[in-house]
A.B. asks: 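I have a structure here, written as C-alpha cells, and I will follow up with some questions on it.
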Number of protein chains: 2
Amino acid sequence: MSCLARHSQTLRARGYRMTPQRLAILEALHHDGHLSPAQVYQRVRQTGVTEATVYRTLEFLRANGIVFATYGCDGHLTYELGGYDHHHLVCRICGTQVQVKQEMLQDALNRIEQQTGYRMTDGHLTLVGLCPSCQGNSQAQA
Amino acid sequence: MSCLARHSQTLRARGYRMTPQRLAILEALHHDGHLSPAQVYQRVRQTGVTEATVYRTLEFLRANGIVFATYGCDGHLTYELGGYDHHHLVCRICGTQVQVKQEMLQDALNRIEQQTGYRMTDGHLTLVGLCPSCQGNSQAQA
DNA sequence: GCTCTTCTTGAGAAAAATATCAATAAAGAT
DNA sequence: ATCTTTATTGATATTTTTCTCAAGAAGAGC
Ligand SMILES: [Mn+2]
Ligand SMILES: [Mn+2]
Ligand SMILES: [Zn+2]
Ligand SMILES: [Zn+2]
C-alpha cells in the first residue's frame, strides 16, 4: 500500500478525512523534504489552499504522527514527512544542522523509557549543541 | 560571586552590557523558573520594559548561553535560567513534561560529540515522546 | 572635558501565527 | 433519499513575534 493511502486509512480510523488540501500539503512535503509553513503555502496556493489552512493542517498532521516538526536555524518550525528514524543536531549559534542516526541514541532512549514510562518511539528529536566552527565563538562559553 | 554579577562579567567580556532591562528580565526568570515571553513581560512591564525588548533580550541571553529555551508541545518557547544540567521530556500529545538527568544521556552525547564534532555541553535538551497516559490515545500510533 | 564608536532601546510598522465563526462537505442513521 | 451530526474550510479578526530606524546611553580614546 502506498504511503499516502496508508495515511488516509490512519486518519479515517480516527474519524478524520483525507481532503484535497491535506493531500496537497502531504505531496508538497513528500517532494521537498523539510519545509516551513510559508514554503508549503508557496507550493500549494495554486490549488486554492488558504494560508491558515496550511498552518492548521501541518499542526494536525504533526499531532497525528504523520509529519515531524523541527525547529530549524532561525528558530522557526519546519515540517517533513515521518517514516524514517533520524534526529537533528542544530548549532546553538549559527543553526547549522547535521543528522544523527537512531543507533547513536538507542541505548539512552531505552533507559529513559524504563525510568520515565514515556515511549520514545517517535524519533526525530532535535538536539542542540555547538558546531565545530562556532566553538571558538565568544558566545560559545556561558 | 553572585550569579547575576557573573553574568554581567560574561557580557562585558564580550563587549555587551548588563542593562536595567536585562537585569529585570533575569530577575523575573530567577524568581519564577520556566516562563513564556508573555509571562516575562507581565513581570517586567511595570519597570517600563517594552514587549519587543523582552523578545530581543530573551533571544540575546539565550544566544549567550545565560538562559535556556525549551519548546513545549504547543510549539511555544519558554525560558529559564541556565546553570544546572537537566533535560526535558515532553509528551507529543498533551505536553506534560518530566525532567531527565544528565547521566541518562551522557554516553550518547559523548558518542555524538566524537562522530559529529559538535560540542554537546549546553545541556537542557528537549526530547519528545508519549507520556504513560497518552499511550492509549488514538493519535499515539502513526 | 570632548569626540567617536558601538551598543541598546522604544516606538511603530510589518510579518507570522492563531483564533473565531459561518458556510460547506462528508459521513452515518433512519 | 432525507435527515442529522460532525468534520473541514475560507474569510476575517486577533494575537504574537519580528523588523526598522532614529534617539539615547555607555564606553574608548584623546
Ligand atoms: Mn528530519
Ligand atoms: Mn529546564
Ligand atoms: Zn555553529
Ligand atoms: Zn501525554
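Side chains included, hydrogens not; waters and symmetry mates left out as well; all remaining heavy atoms used. Quick note on labels: first sequence line is chain A, next is B, and so on, each numbered from 1.
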A.B. asks: Grab the CD-P distance between Gln39(B) and dT16(D) for me, whole Å please.
C.D. replies: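 Nearest whole value for this atom pair: 12 Å.
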A.B. asks: Atom CD of Glu51(A) and atom P of dT9(D): how far apart are they, to the nearest Å?
C.D. replies: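 Distance check: Glu51(A) CD to dT9(D) P gives 15 Å.
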A.B. asks: Taking the ring centre of each residue, are Phe60(A) and Tyr16(A) less than 6.0 Å apart?
C.D. replies: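 Centroid distance Phe60(A)-Tyr16(A): below 6.0 Å, so yes.
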A.B. asks: In whole Å, I'd like the distance from the CG atom of Leu77(A) to the P atom of dT18(D).
C.D. replies: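 Rounded to whole Å, this separation is 12 Å.
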A.B. asks: For a quick test of reading the model, state the closest non-hydrogen atom pair linking Ala69(B) to Arg62(B) and the distance between them.
C.D. replies: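 Distance-wise, the nearest heavy atoms are CB-CD, 3.7 Å.
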A.B. asks: Can you check nucleotides 2-9 of chain C for protein contacts, nitrogen or oxygen pairs under 3.5 Å, and list what you find?
C.D. replies:
from   : atom 1 : to       : atom 2 : distance (Å)
dT6(C) : O2     : Arg17(B) : NH2    : 3.3
dC7(C) : O4'    : Arg17(B) : NH2    : 3.3
dC7(C) : O2     : Arg17(B) : NH1    : 3.4
dT8(C) : OP1    : Arg17(B) : N      : 2.6
dT8(C) : OP1    : Arg22(B) : NH1    : 2.6
dT8(C) : O5'    : Arg22(B) : NH2    : 3.3
dT9(C) : OP1    : Thr19(B) : OG1    : 2.6
dT9(C) : OP1    : Gln21(B) : OE1    : 3.4
dT9(C) : O3'    : Gln21(B) : NE2    : 3.1

A.B. asks: Quick one about His30(A) and Glu80(A) (side-chain donor to acceptor, distance below 3.5 Å, no hydrogens or angles considered), yes or no?
C.D. replies: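 No pair is found: no donor N or O on one side chain lies under 3.5 Å from an acceptor on the other.
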A.B. asks: Which donor-acceptor pairs under 3.5 Å do side chains of residues 47-54 of chain B form with protein atoms, sequence neighbours excluded?
C.D. replies:
from     : atom 1 : to       : atom 2 : distance (Å)
Thr47(B) : OG1    : Val44(B) : O      : 2.6
Thr53(B) : OG1    : Arg56(B) : NH2    : 3.1

A.B. asks: Tell me, please, which residues at least two apart from Gln39(B) pass side-chain hydrogen bond (donor to acceptor under 3.5 Å, both in side chains).
C.D. replies: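 Partners of Gln39(B) under the side-chain hydrogen bond (donor to acceptor under 3.5 Å, both in side chains) test: Ser36(B).
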A.B. asks: Tell me: CZ of Arg62(A) to P of dT18(C), nearest whole Å?
C.D. replies: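 Arg62(A) atom CZ is separated from dT18(C) atom P by 11 Å.
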A.B. asks: Quick check for you: to the nearest 0.5 Å, what is the distance between Glu27(B) atom CD and Leu81(B) atom CG?
C.D. replies: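 It comes to 10.5 Å.
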A.B. asks: Rounded to whole angstroms, how far apart are OH on Tyr55(A) and P on dT20(C)?
C.D. replies: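 Spelled out: OH on Tyr55(A) to P on dT20(C) is 18 Å.
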A.B. asks: Nearest whole Å is fine: how far is dA16(C) P from Gln42(A) CD?
C.D. replies: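 In whole Å, dA16(C) P lies 10 Å from Gln42(A) CD.
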A.B. asks: In whole angstroms, how far is the P atom of dA7(D) from the CZ atom of Arg12(A)?
C.D. replies: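 Interatomic distance, CZ of Arg12(A) to P of dA7(D): 15 Å.
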A.B. asks: Using a heavy-atom cut-off of under 4.0 Å over every strand shown, decide if Ala52(B) touches base, sugar-phosphate, or nothing.
C.D. replies: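 Ala52(B): base contact, heavy atoms under 4.0 Å.
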A.B. asks: Supply the atom-to-atom distance Arg111(A) CZ to Thr116(A) OG1, rounded to the nearest 0.5 angstrom.
C.D. replies: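 That separation rounds to 12.5 Å.
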A.B. asks: My understanding is that only residues two or more places apart in sequence, or in another chain, count here; which of them pass side-chain contact (heavy atoms from CB on, under 4.5 Å) with Gln102(A)?
C.D. replies: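 So Gln102(A) forms a side-chain contact (heavy atoms from CB on, under 4.5 Å) with Asp85(A), His87(A), Gln106(A), Leu109(A).
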A.B. asks: I need the full list of ring pair (Phe, Tyr, Trp, His ring centres under 6.0 Å) pairs touching residues 91-114 of chain A, with sequence neighbours left out, sorted by first then second residue.
C.D. replies: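 Sorted pair list comes back empty.
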A.B. asks: Mind grabbing the angle between the end helix axes of the helix from dG1(C)-dC30(D) to dT30(C)-dA1(D)? Five pairs an end, 10° rounding.
C.D. replies: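 Inter-axis angle at the ends, rounded: 30°.
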A.B. asks: Just the rounded figure in Å: distance from C1' of dA16(C) to CD of Glu59(A).
C.D. replies: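 Interatomic distance, CD of Glu59(A) to C1' of dA16(C): 16 Å.
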A.B. asks: From the set dT12(D), dA17(C), dT16(D), return the single nucleotide nearest to any side-chain atom of Pro37(A).
C.D. replies: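 Nearest listed nucleotide: dA17(C).
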